[in-house]
Amino acid sequence: VPLLSSLLAAASVVGVSGSRAPSPASRSVCRWAVRQLAPSASVVTGCAPGVDALTRSLVPSARVVRASAYAGTHPRG
């Protein structure tokens, strides 16, 4: 855990995403990980419920990637 804490503290940009129906343990780990980030770190997350929503609530300044913005950009439509 100290190594992971150091890695998160040194990161300038972190992407956070996960289950739409996270367990209490997953929510706890997400909260812990966000607390390890440097105040200057940029956070990127998604627009989905679950871990994405928790991250948005913990980091109001997070950049939110919306899947709908990429609709129709896949080679198969």
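Side-chain atoms are counted along with the backbone in the values below, which use heavy atoms only and exclude waters and symmetry mates. Nothing fancy with the numbering, it's 1 onward along the sequence.
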What closest approach, in Å, do A67 and C47 show between heavy atoms, and which atom pair accounts for it?
N-SG, 3.8 Å

Do L8 and V59 sit in the same hydrophobic cluster, where Ile, Leu, Val, Met, Phe, Trp and Tyr count as joined when their side-chain heavy atoms come under 4.5 Å apart?
yes

Is there a side-chain contact between V43 and V34 in this structure, where contact means two heavy atoms from C-beta onward sitting under 4.5 Å apart?
no

Minimum heavy-atom separation for G46 and V64, please, with both atom names.
O-CG1, 3.6 Å

Can you tell me how far the CG atom of L7 sits from the CD atom of Q36, to the nearest 0.5 Å?
11.0 Å

Where do V51 and S17 come nearest, in terms of heavy atoms and distance?
CG1-C, 3.8 Å

Minimum-distance pair of heavy atoms, taken over all atoms of A41 and A11
CB-O, 3.6 Å

Is there a path from L58 to L4 through hydrophobic residues (I, L, V, M, F, W, Y) whose side chains come within less than 4.5 Å of each other?
yes

Please name the pair of heavy atoms, one in A48 and one in R56, separated by the smallest distance, quoted to 0.1 Å.
O-NH1, 3.1 Å

Of all the heavy-atom pairs spanning T55 and V16, show the shortest one and how long it is.
OG1-CG1, 3.1 Å

Does any part of the side chain of S5, heavy atoms only, come nearer than 4.5 Å to the side chain of P2, both counted from C-beta?
no

Positive for side chain to side chain contact (heavy atoms under 4.5 Å, CB included) with L54, one of P49, P22, C30
C30

